[in-house]
Amino acid sequence: TTTAFIAGSTSTLTTATQEMPLNIYSIFVGPPTTGKSQAIKECAFSPLSSVTEETDSTSPVIQKCTSSGLIKSVAVNNRAFLVSGEIYDVLFKLLKSDEENATGDVQVLCQLFSGEEASFRYATERTREIAANTPFCILGATQIPFAARLVALLDQGHGLLDRFLITFPKCLRPMPTQTSQALEALKENGLTNCDDIFIEIARLHTSRSTYTLTQEAAVTLNGLNEEFITEVNEAIMEGRTPPKTKKMDVILRVAAALHIFNHVTSHLLAHREPTPPADEIEKSTLLRAIDYVTWADSQKEIFVEVTI
């Protein structure tokens, strides 16, 4: 998600039919003391702070916000990254505010994900304009009981739940010797933290760029898309509610993030200065993205059934 946000500040994805931002909404869930906050610190807060310092720019990070504060921040800075070690509190307030006062927060989050142009008028403030394909990502963690409440709030038929990657990773903890070995291996390769990776990603994405799929990867994605369209058409013909999903969009964005992160990291581990990633995403990377998103969706479906 951090890769998608940093690269997406100047990059978009194109397919045969559309152009979209790299925006990803991601939440991972686990019990207490499993390192959720530390993971976010090392892979989001710290890298973004280093990138902001390197580029002498305003920090895009939002940790807590009201509805109007979120829109104002996105409109003024033309980008924002909502990051929280306890994302439940932040999203719960936004979703409850929308439910009680019709603030339109759900629609705002849907529009930002899709990269739609939007205009917001307030009685006491000037009109806030959000441009098309504005970089906006959400990354957070929470515990299982809070995740259940959050999923119930997100699953109201407006499609917001479909836009979230919600994962429940195995929270197996490494032994001290395993941790030491991992740290030594990274030091031998010249990487002591994640900041260097994201500083290079930012350096390589200072000008406008566009990512797309190779012909082979596009054929694979089209096949997946045809399966989904067949399901939708069959449901309509049989009078059932057709499935709603943003799976294709999420897969493309995850593939782009993997493509960029793997390219830069492999260069750094080989003690080479990273070159710009190729414009075309290979089929092998797309297949990994499909596996990951399918796994996350299957977990989310099981969780939704349990909460029901």
Got a donor-acceptor contact below 3.5 angstrom from the [X] side chain to the [Y] backbone?
{"X": "Thr55", "Y": "Val51", "result": "yes"}
{"X": "Thr294", "Y": "Ile290", "result": "yes"}
{"X": "Lys247", "Y": "Asn225", "result": "no"}
{"X": "Thr265", "Y": "Phe261", "result": "yes"}
{"X": "Arg163", "Y": "Gly159", "result": "yes"}
{"X": "Thr34", "Y": "Gly30", "result": "no"}
{"X": "His263", "Y": "Thr275", "result": "yes"}
{"X": "Ser73", "Y": "Gly69", "result": "no"}
{"X": "Asn23", "Y": "Thr134", "result": "yes"}
{"X": "Asp155", "Y": "Val151", "result": "no"}

### Task
Please confirm whether Arg253 makes a cation-pi placement over Tyr211, using NZ or CZ under 6.0 Å from the six-membered ring centre and within 45° of the ring normal.
no
Would you name the heavy atoms of [X] and [Y] that are closest together and state the gap between them?
{"X": "Leu252", "Y": "Met20", "answer": "CD1-CE, 3.8 Å"}
{"X": "Pro174", "Y": "Thr179", "answer": "CG-OG1, 3.6 Å"}
{"X": "Ala289", "Y": "Val254", "answer": "CB-CG1, 3.9 Å"}
{"X": "Phe164", "Y": "Ser26", "answer": "CD2-N, 4.5 Å"}
{"X": "Ser114", "Y": "Lys246", "answer": "OG-NZ, 4.2 Å"}
{"X": "Leu22", "Y": "Ala4", "answer": "O-CB, 3.3 Å"}

Quick check for you: to the nearest 0.5 Å, what is the distance between [X] atom [atom1] and [Y] atom [atom2]?
{"X": "Ile27", "Y": "Ile138", "atom1": "CD1", "atom2": "CD1", "value": "7.5 Å"}
{"X": "Glu282", "Y": "Leu287", "atom1": "CD", "atom2": "CG", "value": "11.0 Å"}
{"X": "Cys137", "Y": "Leu82", "atom1": "SG", "atom2": "CG", "value": "10.0 Å"}

### Query
Salt bridge or not for Arg203 and Glu273, using N-O below 4.0 Å?
yes
Contact check, side chains of [X] and [Y], non-hydrogen atoms, under 4.5 Å:
{"X": "Glu200", "Y": "Leu268", "answer": "yes"}
{"X": "Leu13", "Y": "Thr212", "answer": "no"}
{"X": "Tyr88", "Y": "Arg149", "answer": "yes"}
{"X": "Leu165", "Y": "Lys300", "answer": "no"}
{"X": "Leu160", "Y": "Leu95", "answer": "yes"}
{"X": "Leu204", "Y": "Val264", "answer": "yes"}
{"X": "Phe113", "Y": "Pro21", "answer": "no"}
{"X": "Arg79", "Y": "Ser57", "answer": "yes"}

### Task
Before giving the answer on side chain to side chain contact (heavy atoms under 4.5 Å, CB included), spell out for Val76 and Arg128 the whole-Å C-alpha distance, their side-chain angles and the decisive distance to 0.1 Å.
CA-CA 8 Å; Val76 170; Arg128 302 291 179 186; 3.7 Å; yes
### Task
Could you walk me through whether Val83 and Ile40 pass side chain to side chain contact (heavy atoms under 4.5 Å, CB included), step by step?
CA-CA 8 Å; Val83 187; Ile40 287 180; 3.5 Å; yes
### Message
Between Thr3 and Phe198, does the side chain to side chain contact (heavy atoms under 4.5 Å, CB included) criterion hold? Intermediate values first, please.
### Response
CA-CA 7 Å; Thr3 299; Phe198 293 105; 3.3 Å; yes
Do [X] and [Y] belong together in a cluster built from hydrophobic side chains that touch within less than 4.5 Å?
{"X": "Ile229", "Y": "Val293", "answer": "no"}
{"X": "Trp295", "Y": "Leu224", "answer": "yes"}
{"X": "Val219", "Y": "Leu221", "answer": "no"}

Going by atom types only, do [X] and [Y] share a side-chain donor-acceptor pair under 3.5 Å?
{"X": "Glu86", "Y": "Thr142", "result": "yes"}
{"X": "Ser209", "Y": "Ser11", "result": "yes"}
{"X": "Thr12", "Y": "Glu19", "result": "yes"}
{"X": "Arg272", "Y": "Ser266", "result": "no"}

### Query
Is the count of non-hydrogen atoms from other residues, nucleotides or ligands lying under 6.0 Å from Glu53 atom CD greater than 12?
no
### Query
So does Gln215 have more than 12 non-hydrogen atoms from other groups sitting under 6.0 Å from CD?
no
### Message
Ring-plane angle category for Tyr25 and Phe136, please: parallel below 30°, perpendicular beyond 60°, tilted otherwise.
### Response
perpendicular
### Message
Could you go through Glu280 and Thr214, starting from their C-alpha distance and side-chain angles, then the distance that decides it, and tell me whether this counts as side-chain hydrogen bond (donor to acceptor under 3.5 Å, both in side chains)?
### Response
CA-CA 5 Å; Glu280 293 187 330; Thr214 62; 5.6 Å; no
### Query
Can His205 and Ile260 be said to form a side chain to side chain contact (heavy atoms under 4.5 Å, CB included), step by step?
CA-CA 10 Å; His205 292 84; Ile260 295 163; 3.8 Å; yes
